[in-house]
Amino acid sequence: CTKELNQQPITSKSLANFLTTETEVEEYVNAVYGTLQLNGLYGLYLPAIGEIPSDNTFDEVPANDGGMYGQLDQFTTVSSNGMLSDFWKNSYQGIQRTNTVLNRIDGISYASSTVKQARKGEMHFIRALLYFNMVRVFGNVPLVTKETTNPNDYFGQGRTGKDLVYAQILSDLSNAIQELPVSTTVQGKVIKTAAQSLLGKVYLTLGKFAESKAVLADVVASGKHQLLADPADIFALNNKNNNEIIFAVQFASGINGNSEGSSAYQQFSPSGTISGAKGHNLPTKSFYQLYSNSDKRKTAYVGLTSAGTPFSTKLKASTTTPADGGSNFVVLRYADVLLMLAEDENELDNAEVAKNYLNLVRRRAGLTDAVQQTKEDIRDAISLERRLELIGEGHRWFDLLRTGTAISVMNAWFASQNITTRITDHDLLQPVPQDQIDTDPAIKQNP
Amino acid sequence: QQTTSVKGTVVDEKGATLPGVSVMMVDQVTKKQESTVTDLKGIFVFNNVKIGNKYDFSFNYVGYEKKTTPAFLVNPGTNNSILIRMETSSSGLNDVVVVGYGSQKKTKITGAISQVKSEELNKYAGSNFAQQLAGKSAGVVINDASAQPGTDPQIVIRGIGTLTAGVSPLVVVDGFPLSEGSSLNTVNPQDIETVDILKDPASAAIYGSRAANGVILITTKNGRSDKNTVSFDFYTGAQVRADKVELIDGYQFAQLNTEARDWGYVSRNPTNRSVNDDYATRVSKGANKRDLRLNYIQPYLNNQAGLTNTDWLDEIFRTAPISSYNIALSGGNDRSKYYFSGNYFDQDGIVIETGLKRYSMSFKFDSKLSKSFDVGLSVNPSYNLQNFFQNDASRSSDAIGAALIMYPFFPARNKDGSLAISQQIAANTPEDGALGENPVAIMEKTKYNRNLFRTFGNAYLNFKPIAGLTFKSLLGGDYSNSFIDFFSPSDVGEYRTAAPKPARASETKGSVINYLWENTLTFEKSFGKHDINIMAGTTFQKESGNSTLVSGTGIPDNNIDNIAGASSFSVVPTRYIWTQLSYLTRLQYAYANRYLFSAAIRRDGSSRFGQDAKWGNFPSVTGGWIVSREDFFPKAGWIDLLKLRLTYGKAGNNQIGNYSAYALANPLNYVSGSTLLPGFAAVNPANSSLSWETKTSYNFGADLGFFKVLNLSANYYSMVTSDLLLQVPVPSQSGYDSALQNVGRASNKGLELELSGANIKLGPLSWNFGANLATNKNKVLELGPGQNQIVTGTNSAFRTKVGGPIAELYGYNVTGVYKNQSEIDNSPHVAGTLLGDYIVQDVNGDGKITPDDRMGFGTYAPKITYGFNSSFDYKNFELSFSINGIWGRKIYDNGLVNMESGEGFSMADTYYYQNRYHPVNNPNGFLAQPNTNYSANRLNTNASSVFFQKADYIRLRNVQLTYNLSPKLLSKLKASRASVYVTANNLLTLTSFRGFNPDATSDNVLTSGYSYSNYPVARSFVAGFNLTF
């Protein structure tokens, strides 16, 4: 009878005897990628966190969903905001899962050491990506790079200075660049150019233009990526993971009981247009008016409802139910790399080289070459081009933060829109989720 | 000397004949004894009685006072007859109380055990004995949190001492412990003889690791060797809605909604916007959708007569029938006894399309095989069919939740009688009003059937090799098979989704097998002044369950209303096993019938716990002293009984997931192209030392009997739960949100008083009553390491803090409404605070409103609970009533938040409408101004003193008038008992709570008192009769 007291889980796996073979590690790696699909990350909230505070997008019905999007839009965010809470939790779930794989993979034999290296690179990349998002949204965040054995160990840890977090990000990405393969047969896996592109973006964010330029130049030199001729093709459902895409979180409609889609298409559709639509994160009318009529992207990237409300068409309608959107969420793509390079070159006072990169993107959109001459004008032109090119991809607010223009740009925009809101330094970081502070008072709120 | 015969009849207080009464006759001269029992008609006869002698007669019957007729002189002739009226035992001293693995005379009980008898229970018409227990026993709180037919109420015995483990008491039916949380609806209340509640962990400790929440021992009816009876019971009646929710009508709501939208629009930029801006102007000034007036609203604002004005609560509630048919056959001879019953119970819910039908049977058979062998068998099969909806506040599928966002501007049915589908969604889309679907259509078109077949029972063998020694082997079994069938057709929409929508179907099939094998050895002996009883045994119990949920999509039409119509499927299989192995022993000892002592220990091993911590020990020690039996105690005084009791013991709680000690890795897949990449990741950390939580308790009690008719029982208890099975929120950088650990301590202390009186003569009336009152106070003593509080729930409205009570309502304190700008400018406020928003108290006085200004506002757990049961007998009539009440309870009802926040989205109740602030329309209002603008102030104050509501109540639980047919009529009917009665349940509830149900709570202890659209308790009127042959 005593033996009967030892009962093993029947329909779940137990970590104690899991992660012992290559196959099982691969399952864990898949779950790390799967984490990126969660609502708090690229499934729904992160794109809005990166854009809805900006002048690019807004919330059509700010009170919807307990006002959580509306607060970010209107800079009235409270610390109990559910989007930020989920973003924080899901990020650390992902980070912890990468830690688990990295902690264990060395002890597990793989048929191919290249594959094993690649997996480590993937984990380093994803961990860096998650920390990079966190540090941009919250500033200092707790840094954890070990597998958790006892969760109580983290009480009292508090938030790590962002310099240290950035140091970890840089280290992870340089490891990833060493470990990752140039290409992969499995669509959606991280490849070397993804790590390089992200590293370029991190350096750019840190104002290290030369380092950024160097590593982004490697992406160009790899010849792995190119701009597609027609911007309408980039986000087509039948053209996923095309050459322009460097890294995208994968989604699909109608797979496994509709469990692999994203609800972003539904949530980011104008309210009343499809069932369950909430009108979150819609392009503003003033943004839409920035497109010239000859700009192919005006129709390729943005649609209009019958009532004239713009919406991003980068997320395509689902083939099953609206909440099961099949569009991948593009994290890094070649146009972004070119525009970052343009920015690096301009900041390094290479105006012509900068314009060359800028013009690649403009020409593809059917526009004439840039005519700006001064560094400031070129900087503005690049900034505008980033808005037009990357609408709906969750970059604009981070761009404003990175370039130190968030306060001036937003306050000018509010004034032009007859909106009474004005922002200050206080608004540049999001509040740390109250549930984290309630759980462990060592986590302090942003000022 | 000549002889003759003496004949007599024994009746009860109501004149009904009593069969089976033992009668003893003693000849005063010869001291010769003779005994017999009364027959079916309550008649006894002694022949060969000597004429001229005097005889003493004594009459004995369980549950009745012993009666004697001394010195009866026998006369010549045959008219020596005696009529004896037995009275129910007032002291209950002869009552036998079930204590687990045996029973004990009530006089010898040392713990805190309450007994409730069948007659008391069945005065309340319902499917579930737990509903019937409300108010019957001190310290036992029944929360009928969702009163949907077929849903189990929450039973709380002596407060809740756990935080994240289960709170269900252990329910043991005829010795077989049912799985915690399994439905109590499968026990037919009319088969129950007694319910004994082991309240103090010392009494319960014999059930070890499952006893911390108390143990309820149910003894079902049994046959009696001396009479064969057939009993019919039937009642039928109607139930009606009795809650206090009152919605405003269409004209009022039109005004309210427009006020909210107007102020939402203007308040965003008062310098640029005006309430007089028309639709187009508003759009051009950047109004969002909810800043626009509803496009169809003007006729209502104009008070145009005759417009659609639906009260949606009237549409979803109804008057619903309830009835029960019961037949019971019992009897036996001197070797065997049997009890057989069949019951059909049929209750429609007061919410449309809900109800429960139950077919149940009970069969019990006991037989003496020989002098030393007894065997017995019981089987209790039942089949429940439930028309169901998930009472979870979903706006898409919960009728009540959905009704609260339905505007009165739309009808439930079209003129031709057909269901009105998706009308509100279509009309509200342009301005983003509530996109709610007609709940009548949702309920009528959605199929949600839950069928449960269950049978449990046991078989035992008793072997008595020598006098006083009994070996018992009991094999119990419980099998249930459930089938849940769900279909939502395409031709009805849901929240935010107009029809046609994709149809959905699912079904769940599951079965559970549980068996128990128990072997005990009991030795009982009295010698001199010593009475001892020693019991020892082992038990092993194992449960395996499996269920498969199949969900279907891709359903092209509604022809097939189940998953067979689907073209693609997903499957979620679940399986589990748990086992428990236990050793137990107990010594009960009494000296001179007045010094009582017992000690017990149980050792339990459970599969649920970690590798390092599977075993736990649960000891208890109790003592009692019957002072009134001492020689020094005055015999002639008004005190008949004085007993003092003291107990100490430990009991455990093992109600956690079956595999909680393991770090479980669950599926988290990824996709590449259209290829699924299967992934698994850990969802919780491992804890190999996870074990039970332990409740250690002291109980001090006293029993007093006085004036022969009154009994007072008092208990004071103090319990500490340590090693709480706590789902500790942990810093998220660990990768987990929470971890199940044995940490923390909580205490419960309270006082319980029970006063009862029996057979009190008030002139021609005979009065019985029982009154009880209990207090409970809980306190958190310790949480996880470094952890001071747990804040959780919707709007973070619940806090469990060290030094404070469990799950106190937590939020801001509102002191008023801002009515002018200078008030805002001159007081601390959060950014974006608008006129008409709430003034929030700066509790810590730092000049800012921050989360640190939140405070506690009381708990759901009541401070005091009480009950009063009373019955009056007058000739053949009996009038009884029962009251139960709760004091010191607070509820956080999110339905009221929606109805009273003034957001203008949900429907509003009359309380908000009458008391809302509006500078023009209602300048003296004290609730926030209607405003669609969801400012941080409004968001914060959703968890505030405004919405933390008192939910004290006093409820007339049942009133019953019974007429018992006179013995004359009975003999014509050849019946031994017949009665007709009328009953009203929940006739009156006095409460200030404005929500649906003052018992409403969530299942989660840490958010106790959180409610939303909880199914209200109905008021019902039934009439019935009982006929026994």
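All values below were derived from every heavy atom in this structure, side-chain atoms included, with hydrogens, water molecules and symmetry-related copies excluded. Within every chain, numbering begins at 1; the chains are lettered A, B, ... in the order of the sequence lines, protein sequences first and strands thereafter. Please read all numbers here as calculations on a predicted model, not as lab measurements.
Both the backbone and the side chain of B/Arg268 have a heavy atom closer than 4.5 Å to some heavy atom of chain A. Heavy atoms of B/Lys614 lying under 4.5 Å from chain A belong exclusively to its side chain. Contact annotation for B/Gln741: only side-chain heavy atoms (C-beta onward) come within less than 4.5 Å of a heavy atom of chain A. For B/Ser568, no part lies near chain A; criterion is any non-hydrogen pair under 4.5 Å.
Side chain to side chain, B/Asn269 and A/Thr420 fail the donor-acceptor criterion of an N or O pair below 3.5 Å. B/Arg273 and A/Asn418 share no donor-acceptor pair across their side chains, judged by distance under 3.5 Å alone.
Once rounded to the nearest 0.5 Å, the distance linking OG1 of B/Thr675 with CD of A/Glu260 reads 11.0 Å. In this structure, the separation between OG on B/Ser732 and CG on A/Asp435 is 6.5 Å, given to the nearest 0.5 Å. Taken from CG in B/Asn669 to CD in A/Gln37, the straight-line distance is 8.5 Å, to the nearest 0.5 Å. Taken to the nearest 0.5 Å, the CG atom of A/Leu5 stands 5.5 Å off from the CG atom of B/Leu581. Here the CD-CD distance, from B/Gln733 to A/Gln96, works out to 10.5 Å after rounding to the nearest 0.5 Å.
With a 4.5 Å cut-off on side-chain heavy atoms, A/Gln7 and B/Tyr576 do not count as touching.
The backbone N or O of B/Ser734 sits less than 3.5 Å from a side-chain atom of A/Thr148, completing a donor-acceptor pair. Side-chain atoms of B/Ser672 come within 3.5 Å of backbone N or O of A/Gln187 as a donor-acceptor pair.
Counted within 6.0 Å of CZ on A/Arg104, heavy atoms from surrounding residues, nucleotides or ligands total more than 12; the atom is thus considered enclosed.
Checked against A/Asp438 for a salt bridge (charged side-chain N to carboxylate O under 4.0 Å, His left out), the options B/Arg799, B/Lys801, B/Arg854 give a single hit: B/Arg854.
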